[in-house]
Every structure is written in structure tokens, then in C-alpha cells.
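Just below is one structure, and these are the notes that go with it.
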Amino acid sequence: MATALIRGLDDLRRTINSWRQQGQRIALVPTMGALHEGHLSLMRLAAQHSDRVCASIFVNPTQFGPNEDFEAYPRDLDRDYALLEKEEVDLLYAPETSDIYCEGFATSVRVSGVSEGLCGGNRPGHFDGVALIVTKLLLRVLPDLAVFGEKDYQQLQVIRRLVRDLDIPVEILGGPTIRETDGLALSSRNAYLNPTERAIAPALYRVLTDYAQKLSTGAPTDLNEACSELIAAGFNRVEYLEWRSSEGLHPPAPGREPGQIPGRLLAAAHLRSTRLIDNVPVLPLADRD
Ligand code: AMP
């Protein structure tokens with residue numbers, strides 16, 4: 001069956017209802033398009049856990065700051081559709097902005113705590129926009145399962161909190177980060193990198209991996225040195241590079257330190273105007289194989 005391309009809410013509900021009446025388990029994979037292998041890996045994960053996969057493509061204006069790349073964000077619906085069809089995704093839902101944000105729209109969704117700091121500290125309002133659009137998509141599709149990438153680790157935690165707090169009856173599944181062979185995490189924004197920047201970019205994963213290894217021993221580790229290594233590698237600015245607990249993204253505290261509990265090392269760094277994010281697990285030594 002060809003992938004159905006649906007733009008309107010009534011058509012979406014009709015299709016989803018017909019699947020539900022047949023007792024099928026439905027998975028949603030929200031994206032902003034410009035699809036790459038990372039996105040496609042989530043489609044495959046969704047297919048393993050459901051009968052029907054619905055991908056959504058919506059470049060959500062409310063999660064972009066005023067000086068961010070909303071206008072420049074890559075958009076190519078035909079190419080994305082062809083990729084989804086090859087993956088045998090059942091439905092591509094691509095709503096119009098005016099349909100998502102009707103005239104007079106006045107509602108916000110804010111997840112405090114886990115949204116604060118890291119990306120949330122540097123992109124005010126970003127996770128409010130994410131929480132809002134994810135809530136709307138979940139309410140429109142009413143999937144049994146929704147799949148998100150660990151590439152956006154803080155976003156995944158925000159969504160888990162949101163779903164728990166609002167009793168949204170959906171299972172949230174996280175998919176591992178898919179990388180280029182040199183370690184660079186796939187991202188739609190990698191298209192902004194010129195060849196020189198592209199050669200520097202894998203240093204982000206390399207440095208994160210090195211320092212995650214050091215942190216896992218519990219030995220004192222200076223993360224400022226990791227930032228300096230990124231600058232020495234050619235990054236123009238390190239926005240943040242921090243260890244957090246993997247559950248709830250809490251900062252270190254007595255009894256909650258690297259090497260003691262499962263954590264995550266997360267960073268955002270800039271290559272001229274391109275902002276890259278990445279994160280890696282920090283497993284206490286005892287938890288490793
Ligand atoms: P985006 O289109 O950037 O909003 O991403 C849509 C979904 O794909 C999000 O859940 C992301 O975390 C996920 N994603 C983006 N890049 C990757 C990657 N390299 N590997 C796995 N998932 C990814």
C-alpha cells in the first residue's frame with residue numbers, strides 16, 4: 001500500500017479511526033522533516049512495535065526563537081514522502097501551520113524542572129513549543145505508542161514528564177542516536193555545515209565519549225577541559241557541556257554523582273552559525289559489561 005499523505009484533521013481522524021476499529025496498534029513518529037537515517041531508524045523501531053506507523057512532518061514555529069533558523073530550516077516534502085514510502089510507513093501527516101495554530105490560539109503547555117537548563121536555558125520557550133506541538137499531535141493521532149530520538153535527550157525527558165503528568169495514554173519509546181561513521185550524530189542541521197566545519201564537527205562526539213569514560217570511573221573530572229578541547233578542535237563556542245542524571249536530568253548532588261548512578265553527558269556547541277547538540281551515556285563502571 002502506498003503511504004497516505006494527509007494534510008487535514010478530518011481525513012486524519014477518519015483513517016486513524018478505521019485502523020482503531022480493526023484493533024490495530026498505532027505508532028506516531030513526530031518530525032520536522034528533512035528526513036535522514038536517524039528519522040528512518042525511528043520509523044523502523046515504530047514498525048517493530050505497532051501495526052501502523054504514522055509519521056508527522058511539521059516545522060513548528062513556536063519552538064523556534066526569534067533569531068533562530070525557522071525560515072531557513074530545510075523543507076522538501078516530496079523527498080521526505082519518497083523516503084517514507086520506501087520504508088512502507090502507512091501515513092504521512094503534514095498539517096498546515098494555520099490548521100495547527102488557529103486564529104486566536106491562546107493555550108500554552110509548560111513542563112517545568114526537566115525543561116530548565118541545558119537547551120532550555122539557552123533557548124527560552126523552546127520546550128514550551130515542543131510540549132505544545134507534541135501534546136497537539138498526540139491528541140490528534142491518539143497513538144498507542146510515540147517514538148522519539150535520544151539525540152534530543154532533554155526533549156525525550158520533557159515528553160516523558162508531560163505524558164506522565166497529563167495522563168496521556170501513550171507509551172513513549174526512545175530510539176538510539178544514529179551517527180555518521182566518524183561519530184557525528186545525524187541531524188537535519190548538518191546540511192548547514194561547510195566542508196571545513198563538517199571536518200571539525202565529529203570532535204563533539206569524540207570529546208563527549210572521552211569525558212563520559214572518565215566520569216564513569218567517579219574520578220574528579222574537569223568538564224571545562226572538555227570545553228577547551230572543543231574550542232581547540234575548532235568550535236567557536238560551547239553553549240553548555242554538563243553531566244546530568246539520566247532520569248530527570250538532575251545535576252550532581254551527594255549520592256547523585258558521576259560514577260554512582262546512570263547519567264548523561266550532554267552538550268551544545270556552535271560551529272559559526274550552526275548549533276550542534278549531542279549526548280552520550282555515562283554508565284557507572286559497575287553497570288558496564
Ligand atoms: P526533528 O525532525 O529534528 O524534530 O527530529 C524528529 C525526531 O527524530 C526526534 O525525536 C529526534 O530526536 C529524532 N532524531 C533526530 N536525529 C536523530 C538521530 N541522529 N538519530 C536518532 N533519532 C534522531
Side-chain angles (χ1 to χ4, degrees), residues 32 34 36-39 59 63-74 114-127 129-130 149-158 176-217 219-246 249 251-252 258 263-283:
M32 297 202 301
H36 50 64
E37 268 302 311
H39 297 115
V59 185
Q63 70 188 69
F64 287 78
N67 299 318
E68 294 184 356
D69 57 345
F70 175 68
E71 296 298 341
Y73 199 85
V114 71
S115 285
E116 290 152 19
L118 306 170
C119 287
N122 291 280
R123 301 183 71 188
H126 169 66
F127 286 120
V130 168
E150 288 183 347
K151 156 82 178 10
D152 299 275
Y153 195 81
Q154 188 177 14
Q155 170 175 282
L156 176 60
Q157 303 310 312
V158 168
T177 301
I178 305 299
R179 302 179 178 281
E180 302 281 7
T181 48
D182 59 13
L184 175 65
L186 297 190
S187 164
S188 307
R189 290 190 167 100
N190 292 350
Y192 300 153
L193 299 172
N194 68 30
T196 313
E197 293 161 348
R198 175 63 188 81
I200 298 167
L204 183 56
Y205 178 61
R206 203 167 53 238
V207 169
L208 283 174
T209 311
D210 282 357
Y211 279 80
Q213 180 94 26
K214 289 180 192 168
L215 286 166
S216 70
T217 65
T221 305
D222 184 359
L223 293 181
N224 289 321
E225 286 174 12
C227 297
S228 304
E229 285 187 29
L230 287 176
I231 299 296
F235 277 88
N236 303 96
R237 184 162 81 84
V238 180
E239 199 175 282
Y240 67 82
L241 192 156
E242 292 183 38
W243 178 93
R244 295 294 181 95
S245 67
S246 26
L249 295 178
R264 213 83 196 176
L265 192 58
L266 308 101
H270 293 246
L271 270 169
R272 228 164 285 278
S273 55
T274 307
R275 179 179 182 275
L276 299 180
I277 61 169
D278 204 347
N279 67 88
V280 297
V282 180
L283 297 177

Can you tell me how far the [atom1] atom of [X] sits from the [atom2] atom of [Y], to the nearest 0.5 Å?
X: Cys227; Y: Glu242; atom1: SG; atom2: CD; value: 9.0 Å
X: Asn279; Y: Thr177; atom1: CG; atom2: OG1; value: 5.5 Å
X: Ser187; Y: Ile178; atom1: OG; atom2: CD1; value: 13.5 Å
X: Ile277; Y: Asp152; atom1: CD1; atom2: CG; value: 4.5 Å
X: Glu229; Y: Leu208; atom1: CD; atom2: CG; value: 10.5 Å
X: Leu265; Y: Asp210; atom1: CG; atom2: CG; value: 10.5 Å

Mind listing the closest non-hydrogen atom pair of [X] and [Y] along with its distance?
X: Glu37; Y: Leu186; value: CB-CD1, 3.5 Å
X: Ala203; Y: Ala233; value: CB-CB, 3.7 Å
X: Trp243; Y: Leu223; value: N-CD1, 3.9 Å
X: Asp222; Y: Tyr211; value: O-CE2, 3.7 Å
X: Ala269; Y: Phe235; value: CB-CD2, 3.5 Å
X: Ser115; Y: Val158; value: OG-CG2, 3.5 Å

Under 3.5 Å, is there a donor-acceptor pair between the side chain of [X] and the main chain of [Y]?
X: Asn190; Y: Ala185; result: yes
X: Thr217; Y: Gln213; result: no
X: Asp278; Y: Lys151; result: no
X: Gln154; Y: Cys119; result: yes
X: Thr221; Y: Ala219; result: yes
X: Tyr205; Y: Asp182; result: no

Are any of the side-chain heavy atoms of [X] and [Y] separated by less than 4.5 Å?
X: Glu150; Y: Pro281; value: no
X: Phe127; Y: Val114; value: no
X: Leu184; Y: Leu204; value: no
X: Glu180; Y: Arg198; value: yes

Step by step, work out the side chain to side chain contact (heavy atoms under 4.5 Å, CB included) result for Tyr153 and Leu118. CA-CA 10 Å; Tyr153 195 81; Leu118 306 170; over 6 Å; no
Member of Thr196, Leu276, Asn194 meeting the side chain to side chain contact (heavy atoms under 4.5 Å, CB included) criterion with Leu271: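 Filter result, single survivor: Leu276.
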Residue of the set Arg123, Gln63, His126 for which side chain to side chain donor-acceptor pair (under 3.5 Å) holds with Glu68: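 Among Arg123, Gln63, His126, the one that satisfies the side chain to side chain donor-acceptor pair (under 3.5 Å) with Glu68 is Arg123.
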